[in-house]
Amino acid sequence: MELEFSGEVWYWRGPAPWFFVTVPEEQSLDLHQVSAGVTYGWGMIPVSARIGRTEWTTSLWPKDGLYVVPIKTVVRKAEGIDEGDVVTVRLSTG
């Protein structure tokens, strides 16, 4: 499955702080439909992700009925991304 969407980067200040982009509802529903066949536990979905010219492997996390894309520090630095920025994300599952 290939998806592309734009979303705002947000910061989670929990015990292990991290930056994320939330997958919009429509695409999250599409992902949920295939999740049973691709998840490796806890609803996590392995994907290849791309923002700008930077591609990396990660896993989507389920959150509040949607999915979120964790954005690694190396990706944020390479693409000049900060909290509040709107980015276009391309995802590819399996």
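Just so you know, residue 1 is the first one in the sequence shown, and it goes up from there. What's counted below: heavy atoms across the whole structure, side chains too, no hydrogens, waters or symmetry copies.
Closest non-hydrogen pair, Asp82 versus Val9, comes out as O-CB, 3.7 Å. Closest heavy-atom contact between Lys72 and Thr57: NZ-O, 3.3 Å.
If you chain together hydrophobic residues whose side chains sit under 4.5 Å apart, Trp56 and Met1 fall into the same group. Using a 4.5 Å cut-off between side-chain heavy atoms of Ile, Leu, Val, Met, Phe, Trp and Tyr, with links allowed through other members, Val21 and Val74 fall into the same hydrophobic cluster. With hydrophobic clusters built from ILVMFWY side chains whose heavy atoms lie under 4.5 angstrom apart, Met44 shares a cluster with Trp12.
Test Leu91, Thr93, Val23 against Ile45 for side-chain contact (heavy atoms from CB on, under 4.5 Å) and you get one pass: Thr93.
With sequence neighbours excluded, the residues that form a side-chain hydrogen bond (donor to acceptor under 3.5 Å, both in side chains) with Ser6 are Thr88. The side-chain hydrogen bond (donor to acceptor under 3.5 Å, both in side chains) search around Glu4 returns Arg90, not counting sequence neighbours. Legend: residues meeting side-chain hydrogen bond (donor to acceptor under 3.5 Å, both in side chains) with Ser48, ordered by chain and number and at least two apart, are absent. The salt bridge (Lys or Arg N to Asp or Glu O under 4.0 Å) check on Arg13 picks up Glu83, with sequence neighbours excluded. Every residue two or more places apart in sequence or in another chain that forms a ring-ring contact (aromatic ring centres under 6.0 Å, His included) with Phe19 is listed here: Tyr11.
Applying the salt bridge (charged side-chain N to carboxylate O under 4.0 Å, His left out) rule to pairs touching residues 46-59 yields Arg50-Glu55, sequence neighbours excluded. The list of ring-ring contact (aromatic ring centres under 6.0 Å, His included) pairs with a residue in residues 74-93, not counting sequence neighbours, is empty. Within the structure, the side-chain hydrogen bond (donor to acceptor under 3.5 Å, both in side chains) test picks out the following pairs touching residues 17-30 (sequence neighbours left out): Trp10-Thr22.
Note that the OG1 atom of Thr54 and the CD atom of Glu79 stand 3.5 Å from one another [nearest 0.5 Å].
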Name the atoms and distances for all side-chain donor-acceptor pairs under 3.5 Å in residues 60-71, with sequence neighbours left out.
from: Trp61; atom 1: NE1; to: Ser59; atom 2: O; distance (Å): 3.3

